[in-house]
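Just the heavy atoms: all of them, side chains too, but no hydrogens, waters or symmetry mates, feed the values below.
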Amino acid sequence: MTTSTTGQSPSRDARTPSVTARLDRIPVATTSHRRWALLLGFLFSFDLIDLNTFAYAAPRLREQWDLPLDGVGVITSVGFAGMFIGALLGGRLSDRFGRRRVLLGAVVFYSFFSLLSAVSFNAWQMGVTRFLTGVGLQAMTGVLLVWVSEMYPRALRGRYQSWILVLGFVGVPVSAWVSRLVIPLGPESWRWVFVVGALGVVGVVIAARILPESVRWHVAHGKEEAASALVTRLEEEAVARTGTPLPPPTQAPPLPRGGLADLLTGRNRRRLIATSLVSIFLILCFYGFNSWVPTLLVENGYTQSESLTVTSVLAAAAVPGALLAIPFIDRWDRRWMLLCIETCVAVLLLVFGLIDGATALIVSGFLATMLLQCGVAVQYTYIPEVFPTPLRGLGAGIATGFGRLSGVIGGVTVGWIYTTFGFAAVFVYLAAMALAMGLVLIALGERTTNMALDTIGADAASAATDTGTGSVTDLATGSAADGSTGPAADTATGTPTQTRKRSMP
């Protein structure tokens, strides 16, 4: 039997839908799903701790190394260049060698180079280690998002992406407050911040024991026995939890071709453009704000201690931001939800940059950060959903990779805008990026909420998908393309399942 992802034999076409359809019919998150969410949240938290370490260390490094403001921008940009490479490599390698293997290898990789960042003694060394750390960080993040999209029930994909982000975003205030407490202790204390960022490698030991390979990746590579055994276990856990038989599986369309050329034609090309643009605007806005605020506040007259205090308060908005997405992300059309969020973000960023006063600064900054994180939950759910399984790692990797690459330009752009036009102009620019982020999916995106991945990813099936701007009814009710309504309508019976919970199912 052929195991290539570029085509399928007739016998494989007959069997493939049964395994993925059985996975899609599971109406609840099982014990295994919840255990995996805790583990992935732990790994993601150290990803975010490490991602933010340089931003918090930068003011001290400017003093110690006589690092100019442009130098901060260059090192930040070099890190994003590494993330671009990591997104492409991680995505493609995960399509070929498996999601699990690449995910765990990436954690070990970025943890090692974070430790090397801690022993850097000049800007050149720091730039090299941040580049290589970025490679591992984005490889891990991209593959993690793909794994979640492939392994969780379709009516809960968004909520569990959000829960994992909630757990991961704990790393943002941890990073901020560790920096706030440790960096002022001495001229070399900043090094310990990078050591903390490397501790995520501890999670690899646990993941090696309990994290399985993606069912959909197994099926795409002809390893259906392993996929079927795992799905059987999940089915048994679901029946034990609900106490009722599972609905009959709905036949899934056959897997489409999986070559690079297939990603650049038809609906996949439109998907790649839409997800790449939304990723670009996300990075320009999100990291333009979070990475530069500590330094810009110091440049605008705040002390280093005051700047770190303000950014620590803003970092505390990360967790409630992801929590805010949970009641709505599997109920509303993700495109319209993102537009509403980013419109509010744009207004709050203008307030942050244009209105004087500590109260306005902290309140608008906190709310903007909270809503930005809420938007991240929506985007992280949406991006891997739209690509077919054989191309999901590569497609999502290219999209997020272009976003990270834009950070190379974005890091320098913020510094240039500030030195040329001033503090307020930076936030006018960031507000424009937020609004563009929300408009992209309205113009180019398609509906994914409550839809089976195989239906979204198949060109024939997606021809029936709503690719317009949606309607008020869609936004309010979350009615799916297959005619079901509500956040978790059972595809077999049309009746709501017990997954409509605001707490973790």
Side-chain angles (χ1 to χ4, degrees), residues 48 51-52 54-56 58-59 69-70 72-74 76-77 79-80 83 169 172 176 276-302 307 310-311 313-315 317-318 321 338-358 360-380 400 402-441:
L48 291 175
L51 188 63
N52 288 283
F54 180 73
Y56 294 126
L69 192 62
D70 289 346
V72 174
V74 169
T76 300
S77 297
F80 280 112
M83 292 178 199
F169 284 156
V172 178
S276 296
L277 286 175
V278 80
S279 296
I280 288 169
F281 293 131
L282 168 65
I283 296 303
L284 293 178
C285 179
F286 186 92
Y287 289 107
F289 183 69
N290 287 283
S291 295
W292 275 93
V293 160
T295 300
L296 290 178
L297 290 178
V298 172
E299 294 295 317
N300 206 43
Y302 288 79
S307 171
V310 170
T311 53
V313 172
L314 301 190
L338 186 65
L339 178 61
C340 294
I341 290 168
E342 299 306 333
T343 300
C344 294
V345 168
V347 173
L348 290 164
L349 289 174
L350 291 175
V351 172
F352 188 93
L354 300 177
I355 297 180
D356 293 328
L361 186 84
I362 292 174
V363 172
S364 62
F366 185 92
L367 292 175
T369 302
M370 184 175 72
L371 289 175
L372 276 169
Q373 302 288 17
C374 184
V376 168
V378 177
Q379 290 188 46
Y380 277 10
T400 57
F402 276 121
R404 302 300 177 173
L405 187 62
S406 71
V408 176
I409 300 171
V412 177
T413 300
V414 171
W416 175 78
I417 291 174
Y418 175 75
T419 55
T420 306
F421 300 106
F423 185 82
V426 170
F427 296 94
V428 173
Y429 155 74
L430 295 176
M433 295 301 99
L435 192 57
M437 196 191 322
L439 291 171
V440 164
L441 293 189

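With rounding to the nearest 0.5 angstrom, the CE atom of M370 is 8.5 Å from the CG atom of L348. From F423, atom CZ reaches atom CG of D356 across 9.0 Å, with rounding to the nearest 0.5 Å. To the nearest 0.5 Å, atom OG of residue S77 and atom CZ of residue R404 are 13.5 Å apart. Expressed to the nearest 0.5 Å, how far OG1 of T400 lies from CG of L405 amounts to 11.5 Å. Distance CG/L372 to CD1/I341: 9.5 Å, rounded to 0.5 Å.
Residue pairs meeting the side-chain hydrogen bond (donor to acceptor under 3.5 Å, both in side chains) criterion with at least one member in residues 407-419, sequence neighbours excluded, are W416-T420.
Counting all heavy atoms, side chain and backbone alike, C285 lies closest to A434 at SG-CB, 3.8 Å. Across every non-hydrogen atom of S406 and I283, the tightest pair is OG-CB, 3.7 Å. L284 and L430 get closest at one heavy-atom pair: O-CD2, 3.4 Å. Across all non-hydrogen atoms, the minimal contact from A368 to L349 is CB-CD2, 4.1 Å. In this structure, F281 and M433 approach most closely via the heavy-atom pair CB-O, 3.7 Å. Considering all non-hydrogen atoms of both residues, A424 and L354 come closest at CB-CD2, 3.4 Å.
Annotation: side chain to side chain contact (heavy atoms under 4.5 Å, CB included) contacts of V298 (sequence neighbours excluded): S307. With sequence neighbours excluded, the residues forming a side chain to side chain contact (heavy atoms under 4.5 Å, CB included) with V363 are T359, L367, listed by chain and number. A search for ring pair (Phe, Tyr, Trp, His ring centres under 6.0 Å) contacts involving F80 returns Y287, not counting sequence neighbours. The ring pair (Phe, Tyr, Trp, His ring centres under 6.0 Å) search around Y56 returns none, not counting sequence neighbours. Shown here are the side chain to side chain contact (heavy atoms under 4.5 Å, CB included) partners of V310, two or more places apart in sequence or in another chain: L297, L314, L361. For L338, the side chain to side chain contact (heavy atoms under 4.5 Å, CB included) test picks out V278, E342, V378, Q379, L441, with sequence neighbours left out.
Remark: aromatic rings of F289 and F352 are close, center separation under 6.0 Å.
L339 has its side chain within reach of T343: a pair of non-hydrogen atoms, C-beta onward, lies under 4.5 Å apart. Residues V414 and Y429 meet the side-chain proximity criterion, which asks for heavy atoms closer than 4.5 Å. Looking only at side-chain heavy atoms (C-beta outward), F169 and V376 come within less than 4.5 Å of each other.
Crowding of F366 atom CZ: a count of heavy atoms from other residues, nucleotides or ligands under 6.0 Å exceeding 12.
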